[in-house]
Colleague: 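Sharing a structure, written as structure tokens. Questions coming.
Residue numbers start from 1 in every chain, and the chains themselves are labelled A, B, ... in the order their sequence lines are given, proteins ahead of strands.
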Number of protein chains: 2
Amino acid sequence: MLNTLSFGLLCMLSRGSFSGYDLMLKLQPFWQAKHSQIYPLLAKLDQAGYVEHIKIEQSDKPDKKVYSLTGKGRQALIEWVPEPAAEPPTTRDEINLKAYAMWMISDKDAMRQLFETKAAHHREKLEYYDRLLEQVKQESGDNLESIDDKNFGRYILIRKAITLANTQIEWCGWVLSFFDRHAQKEERQ
Amino acid sequence: MLNTLSFGLLCMLSRGSFSGYDLMLKLQPFWQAKHSQIYPLLAKLDQAGYVEHIKIEQSDKPDKKVYSLTGKGRQALIEWVPEPAAEPPTTRDEINLKAYAMWMISDKDAMRQLFETKAAHHREKLEYYDRLLEQVKQESGDNLESIDDKNFGRYILIRKAITLANTQIEWCGWVLSFFDRHAQKEERQ
DNA sequence: ACGACCATGTAAGCGGTTACATGATTAT
DNA sequence: ATAATCATGTAACCGCTTACATGGTCGT
């Protein structure tokens with residue numbers, strides 16, 4: 001049986017034909033995977049008949065393999081997609097652990113820095129997803145907010161990423177406000 | 001060198017002494033790990049001198065090993081905690097993949113179900129974290145909102161989990177509203 | 001009776017990261 | 001010069017999940 005990453009690749013290929021490199025870039029925002037995991041998997045899916053590829057020779061860039069869904073691949077996808085998703089989804093953020101033990105650290109400024117860089121990372125992500133949203137809007141226009149649109153899924157995912165990033169940024173700001181109050185107390189003494 | 005899960009265990013032990021079973025339960029909400037990963041790691045940390053344990057014999061329940069931080073463990077922790085966290089944090093939610101390919105699925109009611117059960121799971125999590133918050137509030141009282149408090153880290157993490165769960169629930173509701181509009185359009189025809 | 005909770009462990013196997021390997025083009 | 005982008009692959013290793021194994025108590 002296929003694993004989740006395989007279905008992730010098939011999902012991307014449901015919307016067009018792409019090289020392994022392209023698939024990696026498209027998949028990254030929604031399911032982290034390195035090229036060293038993707039290339040061998042694509043070869044396996046190819047052998048098993050879920051995808052097929054053609055070689056594209058390029059003069060300015062390296063040659064590439066462009067993959068497409070086969071009928072078998074499409075069939076496997078439309079059976080998998082409506083099945084219940086694995087719960088709970090996995091999330092692993094080191095800051096959760098570091099926050100838990102922060103009471104041991106006397107250097108509060110170092111801890112403050114952790115939350116500031118965390119906020120900065122989320123602001124970067126937010127900018128990225130904002131740009132993605134503009135792209136999708138230009139592609140689809142006003143038809144986008146209909147579940148029949150081919151881009152609807154991509155649209156709602158980008159929207160989720162944006163609201164989650166905003167929530168994280170707000171949370172970091174809220175935490176940092178405690179550090180500010182703490183610093184003011186120190187000054188008065 | 002120690003891996004992240006090891007530091008996760010040390011973080012939990014920074015706040016008290018716990019059995020492997022307790023550590024698993026405490027760690028779960030912030031860093032998913034099964035007992036089969038935790039027990040051997042604790043033994044390794046024990047051998048390497050980062051933690052130590054005493055055997056507690058119980059008559060009503062199975063005997064257990066209660067672990068505590070050693071000086072070496074505490075030292076390793078206070079060096080690790082202020083170091084920058086690994087970026088980006090990993091998140092893997094199958095619904096992200098399924099949404100991407102939902103345009104292929106003609107059975108929109110099945111897709112609707114996916115978002116409804118997703119919302120239900122987040123509501124469950126929300127209830128769990130609400131209860132945790134009440135616990136922490138009772139333990140710490142009003143002192144809680146000070147970065148010097150031992151419970152401050154736990155407090156802000158629970159707060160984050162609550163706001164993120166709320167954002168996810170709202171997003172699911174927003175997505176479901178499109179399904180409602182779609183269903184109404186169908187009816188008119 | 002049956003399942004859930006407490007409690008600890010081992011073993012097999014899949015999933016995922018890091019490092020090794022190559023190499024042209026373009027931008028700073 | 002140096003780094004980034006495009007492009008594909010392999011190998012070693014660590015992280016993580018699933019399954020196997022045991023066994024008492026408590027609630028329904």
Colleague: Mind listing the side-chain donor-acceptor pairs of residues 116-136 of chain B below 3.5 Å, one per line with the distance, residues two or more places apart or on another chain?
Modeller:
from     : atom 1 : to       : atom 2 : distance (Å)
B:Glu116 : OE2    : B:Arg112 : NE     : 2.9
B:Glu116 : OE2    : B:Arg112 : NH2    : 3.0
B:Thr117 : OG1    : B:Gln113 : O      : 3.2
B:Thr117 : OG1    : B:Leu114 : O      : 3.1
B:Lys118 : NZ     : A:Glu87  : OE2    : 2.8
B:Lys118 : NZ     : B:Asp93  : OD1    : 2.9
B:Lys118 : NZ     : B:Asp93  : OD2    : 3.1
B:Tyr129 : OH     : B:Pro29  : O      : 3.3

Colleague: Any ring pair (Phe, Tyr, Trp, His ring centres under 6.0 Å) pairs touching residues 139-168 of chain B, not counting sequence neighbours?
Modeller: A:Trp174-B:Tyr155, A:Phe178-B:Phe152
Colleague: Which residues pass the salt bridge (charged side-chain N to carboxylate O under 4.0 Å, His left out) test with B:Glu139, not counting sequence neighbours?
Modeller: B:Arg154
Colleague: Where along residues 49-70 of chain A does a heavy atom fall under 4.0 Å from DNA chain D?
Modeller: A:Gln58, A:Lys61, A:Pro62, A:Asp63, A:Lys64, A:Lys65
Colleague: With A:Thr167, which residues qualify under side chain to side chain contact (heavy atoms under 4.5 Å, CB included), at least two apart?
Modeller: B:Thr163, B:Leu164, B:Thr167
Colleague: Residues in ring pair (Phe, Tyr, Trp, His ring centres under 6.0 Å) with A:His35, at least two apart?
Modeller: A:Tyr39
Colleague: State, with a plain yes or no, whether a side-chain heavy atom of A:Leu10 is found less than 4.5 Å away from one of A:Leu2.
Modeller: yes
Colleague: Suppose we screen for side chain to side chain contact (heavy atoms under 4.5 Å, CB included). Which residues come up paired with A:Ala86, at least two apart in sequence or across chains?
Modeller: B:Glu94
Colleague: Would you mind writing out the side-chain donor-acceptor pairs for residues 63-71 of chain B within the sub-3.5 Å range, not counting sequence neighbours?
Modeller:
from    : atom 1 : to      : atom 2 : distance (Å)
B:Asp63 : OD1    : B:Gln58 : N      : 3.1
B:Ser68 : OG     : B:Ser17 : OG     : 2.8
B:Thr70 : OG1    : B:Gly49 : O      : 2.6
B:Thr70 : OG1    : B:Tyr50 : O      : 3.0
B:Thr70 : OG1    : B:Lys72 : N      : 3.4
B:Thr70 : OG1    : B:Gly73 : N      : 3.2

Colleague: Under the rule for ring pair (Phe, Tyr, Trp, His ring centres under 6.0 Å), what residues qualify as partners of B:Trp80, not counting sequence neighbours?
Modeller: B:Phe7
Colleague: Could you tell me the boundaries of the chain A footprint on DNA chain C, defined by atoms under 4.0 Å from its heavy atoms?
Modeller: C:dG15 to C:dT25
Colleague: Using atom CZ of A:Arg92 as one end and atom P of D:dC14 as the other, report the distance to the nearest whole Å.
Modeller: 18 Å
Colleague: Near DNA chain D, counting only heavy atoms under 4.0 Å, which residues of residues 23-42 of chain B show up?
Modeller: B:Lys34, B:Ser36, B:Gln37
Colleague: Could you note down all residue pairs passing ring pair (Phe, Tyr, Trp, His ring centres under 6.0 Å) where residues 81-107 of chain A supplies at least one of them, sequence neighbours left out?
Modeller: A:Tyr100-B:Phe30
